[in-house]
S.K.: 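Quick one: the structure is below, and I'll ask about it shortly.
We number each residue from 1, following the sequence as shown.
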Amino acid sequence: MTSFSAKMVNIILKLRGIKKIFSSEEAALKGIAEDRARGPAKPVSWLTQNCDISEEHIDGHLVYHLTPKSGGSDHHVLYFHGGGYALDIAPEHWKYLTKLVKATGASLSVPIYPMAPENDWRPAYAMARKLYTELAGKIDPADITLMGDSAGGGFSLALGQMLRDDGEKLPGKIALLSPWIDGNANDPEQVIIAPKDNIIALPAIQAMGRWWAGEGGDPSDFPVSPLLHDITGLPPMGVWTGTHDILYVDAKKLKAKADAANIALDYHVHEQMQHVWMILPMKEADKAMEEIAAFMQR
């Protein structure tokens with residue numbers, strides 16, 4: 001049964017009209033302009049009080065590095081935020097990362113990567129590759145988890161595939177939260193699910209896939225659609241999704257692909273949960289955090 005806290009979050013999301021930003025390409029562009037005016041959210045107070053925080057710039061773009069002042073572990077999470085590759089990191093991402101640090105003692109690297117529609121995927125992955133190489137030179141790659149929500153999940157999977165394809169040292173794990181891994185967003189089942197999802201809608205997601213592919217690009221191509229690329233030879237992967245999430249279809253296809261290739265996938269489906277529910281303040285998200293921590297610590 002859906003928790004009271006989840007029902008309240010759904011009501012709040014409807015009242016705030018978050019989904020309107022995704023109702024059309026024009027609405028998305030307006031929302032992005034407002035988002036750029038606000039700028040990316042900064043780490044929330046718990047993180048600033050309980051972590052040593054440093055900043056660096058890679059290719060002119062900011063990266064936050066956070067290390068717990070006490071209770072830390074060997075885990076390091078390279079986290080890519082969601083937002084359709086177009087919206088800045090939000091306070092909800094930092095609140096989720098607070099819970100992650102508390103649950104796992106992990107240190108964090110959080111890139112504020114270049115986004116669409118100003119950029120396609122190329123500069124963002126160039127930045128991410130440099131950041132990962134830097135981290136892997138300081139930290140045992142086996143202790144690194146690539147993690148992201150929504151588009152950040154697609155980013156994490158594709159980065160892992162790039163590293164594998166180029167023979168680089170691989171991270172220990174890849175954790176995908178409501179991952180967007182098919183840039184086309186055109187599966188008929190998504191039309192059926194769409195009214196149940198209070199956060200995203202297909203028109204803007206489809207436009208964002210085209211923007212990320214770039215001029216002359218195809219959203220079906222790698223890395224915009226890492227689902228359509230080879231998933232063999234990757235580190236252990238975990239996926240968290242919900243049946244009311246438009247991107248549930250992507251997660252199901254990844255599970256089917258993994259099963260067909262005899263690849264173990266730590267796969268978690270939560271009933272009646274919408275997009276990125278695991279980073280929102282609800283009882284079900286607390287359960288997901290337990291699962292994520294267990295996955296990282298295995």
Side-chain angles (χ1 to χ4, degrees), residues 28-29 32-33 35-43 47 51-67 76-90 93-94 97 106-139 141 143-171 174-176 179-181 183 207-219 221-226 229:
L29 288 169
I32 291 166
D35 190 61
R36 294 291 185 275
R38 287 190 297 269
K42 297 178 186 282
L47 291 171
C51 293
D52 293 319
I53 301 178
S54 63
E55 301 177 4
E56 72 166 317
H57 287 80
I58 298 178
D59 296 342
H61 295 277
L62 178 62
V63 180
Y64 288 99
H65 299 287
L66 301 90
T67 304
H76 189 90
V77 174
L78 174 50
Y79 192 85
F80 297 96
H81 71 83
Y85 298 115
L87 295 168
D88 278 313
I89 190 168
H93 294 113
W94 291 114
L97 291 173
S107 55
L108 307 171
S109 292
V110 185
I112 310 302
Y113 56 87
M115 294 181 296
E118 300 93 332
N119 303 278
D120 62 19
W121 61 268
R122 291 170 178 82
Y125 280 97
M127 175 196 185
R129 292 291 298 268
K130 292 175 183 177
L131 174 57
Y132 179 83
T133 298
E134 175 187 312
L135 293 174
K138 301 175 182 176
I139 302 166
D143 292 331
I144 298 175
T145 296
L146 302 183
M147 185 183 297
D149 66 282
S150 192
F155 203 134
S156 299
L157 177 57
L159 178 59
Q161 291 166 316
M162 285 183 180
L163 296 170
R164 177 210 57 199
D165 290 350
D166 292 344
E168 301 288 342
K169 293 180 179 179
L170 296 178
I174 301 176
L176 311 175
W180 183 25
I181 49 179
M208 290 169 175
R210 295 192 298 270
W211 299 339
W212 198 236
E215 186 175 356
D218 185 341
D221 290 343
F222 184 76
V224 184
S225 292
H229 195 48

S.K.: Show the numbers, then the answer: is there a side-chain contact (heavy atoms from CB on, under 4.5 Å) between L159 and R129?
M.R.: CA-CA 8 Å; L159 178 59; R129 292 291 298 268; 3.6 Å; yes
S.K.: Indicate yes or no for a side-chain donor-acceptor contact from H93 to the backbone of A90 under 3.5 Å, with no hydrogens or angles considered.
M.R.: yes
S.K.: On a heavy-atom basis, which atom in P114 and which in M127 lie closest, and how many Å separate them?
M.R.: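 Heavy-atom minimum between the residues: CD-SD, 3.8 Å.
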S.K.: Taking it one step at a time, do H81 and F155 satisfy ring pair (Phe, Tyr, Trp, His ring centres under 6.0 Å)?
M.R.: CA-CA 9 Å; H81 71 83; F155 203 134; 9.0 Å; no
S.K.: Determine yes or no for a side-chain-to-main-chain donor-acceptor pair under 3.5 angstrom, with S156 supplying the side chain and M147 the backbone.
M.R.: yes
S.K.: After noting the C-alpha distance and the side-chain angles of Y113 and N119, does the key distance pass the side-chain hydrogen bond (donor to acceptor under 3.5 Å, both in side chains) rule?
M.R.: CA-CA 10 Å; Y113 56 87; N119 303 278; over 6 Å; no
S.K.: Can any side-chain N or O of D35 pair as donor or acceptor with the backbone N or O of L87 at less than 3.5 Å?
M.R.: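 Not confirmed, D35 side chain does not pair with L87 backbone.
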S.K.: Might you work through the side-chain hydrogen bond (donor to acceptor under 3.5 Å, both in side chains) test for S109 and H65, ending with a clear yes or no?
M.R.: CA-CA 5 Å; S109 292; H65 299 287; 2.8 Å; yes
S.K.: Please check: side-chain N/O of E55 versus main-chain N/O of V63, any donor-acceptor pairing under 3.5 Å?
M.R.: no
S.K.: Look at the side chain of Y85 and the backbone N and O of A151, then say whether any donor-acceptor pair between them is shorter than 3.5 Å.
M.R.: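 Indeed, once roles are kept as given, a pair shorter than 3.5 Å links the two residues.
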S.K.: When you look at E56 and Y64, which way does the side-chain contact (heavy atoms from CB on, under 4.5 Å) test go after all the steps?
M.R.: CA-CA 7 Å; E56 72 166 317; Y64 288 99; over 6 Å; no
S.K.: How close do Y125 and G154 get, counting heavy atoms only, and between which atoms?
M.R.: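 Here Y125 and G154 meet closest at OH-O, 3.9 Å.
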S.K.: Please assess F222 against W121 for the test ring pair (Phe, Tyr, Trp, His ring centres under 6.0 Å), listing each intermediate value before the final yes or no.
M.R.: CA-CA 10 Å; F222 184 76; W121 61 268; 7.6 Å; no
S.K.: Hey, what do you get for CG (L78) to CG (L146), rounding to the nearest 0.5 Å?
M.R.: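 One gets 5.5 Å once the value is rounded to the nearest 0.5 Å.
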S.K.: Does T145 use its side chain to pair, donor to acceptor, with the backbone of V77 at less than 3.5 Å?
M.R.: no
S.K.: Is there side-chain contact between H229 and M162, with at least one heavy-atom pair below 4.5 Å?
M.R.: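 No, too far: nothing below the 4.5 Å cut-off.
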S.K.: Can you find a pair of side-chain heavy atoms, one from L163 and one from P171, that are under 4.5 Å apart?
M.R.: yes
S.K.: Nearest 0.5 Å, what's the CD1-CD distance between I32 and E118?
M.R.: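 I32 atom CD1 to E118 atom CD measures 7.5 Å (nearest 0.5 Å).
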S.K.: For the NE2 atom of H76 and the CG atom of D143, what is their distance to the nearest 0.5 Å?
M.R.: 10.5 Å
S.K.: Salt-bridged, K130 to D59, with N to O below 4.0 Å?
M.R.: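 Salt bridge flag = yes for D59 with K130.
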S.K.: Has W212 got a side-chain atom pairing as donor or acceptor with A116's backbone, closer than 3.5 angstrom?
M.R.: no
S.K.: Quick one: do I58 and E134 satisfy side-chain contact (heavy atoms from CB on, under 4.5 Å)? Show the steps, please.
M.R.: CA-CA 11 Å; I58 298 178; E134 175 187 312; 4.2 Å; yes
S.K.: Can you give me the closest heavy-atom contact between P219 and A213, atom names plus distance?
M.R.: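 Minimum heavy-atom separation between P219 and A213: N-CB, 3.8 Å.
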S.K.: Between the main-chain N or O of E168 and the side-chain N or O of D166, is there a donor-acceptor pair closer than 3.5 Å?
M.R.: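 Not at all, since once roles are kept as given, no pair shorter than 3.5 Å links the two residues.
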S.K.: Looking at Y79 and G148, what are the two nearest heavy atoms and their distance?
M.R.: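 That closest heavy-atom pairing would be CE1-CA, 4.0 Å.
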S.K.: CG/L66 to CG/L47 distance, rounded to the nearest 0.5 angstrom?
M.R.: 6.0 Å
S.K.: So, for A86 and M208, which heavy atoms are closest and what is the spacing to 0.1 Å?
M.R.: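 Heavy-atom minimum between the residues: CB-CE, 4.1 Å.
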S.K.: How long is the gap from CZ on R164 to CG on L170, to the nearest 0.5 Å?
M.R.: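 Reported value, rounded in 0.5 Å steps: 8.5 Å.
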S.K.: Give, for atom NE2 of H61 and atom CD1 of I112, the distance between the pair rounded to the nearest 0.5 Å.
M.R.: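 The distance works out to 11.0 Å.
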S.K.: Going by heavy atoms in the side chains, are W211 and L29 under 4.5 Å from each other?
M.R.: yes
S.K.: Run I89 and F80 through side-chain contact (heavy atoms from CB on, under 4.5 Å) and show every step you take.
M.R.: CA-CA 9 Å; I89 190 168; F80 297 96; over 6 Å; no
S.K.: Which heavy-atom pair separates G209 from W180 by the least distance, and what is that distance?
M.R.: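 Looking at all heavy atoms of both residues, the shortest contact is N-CH2, 3.5 Å.
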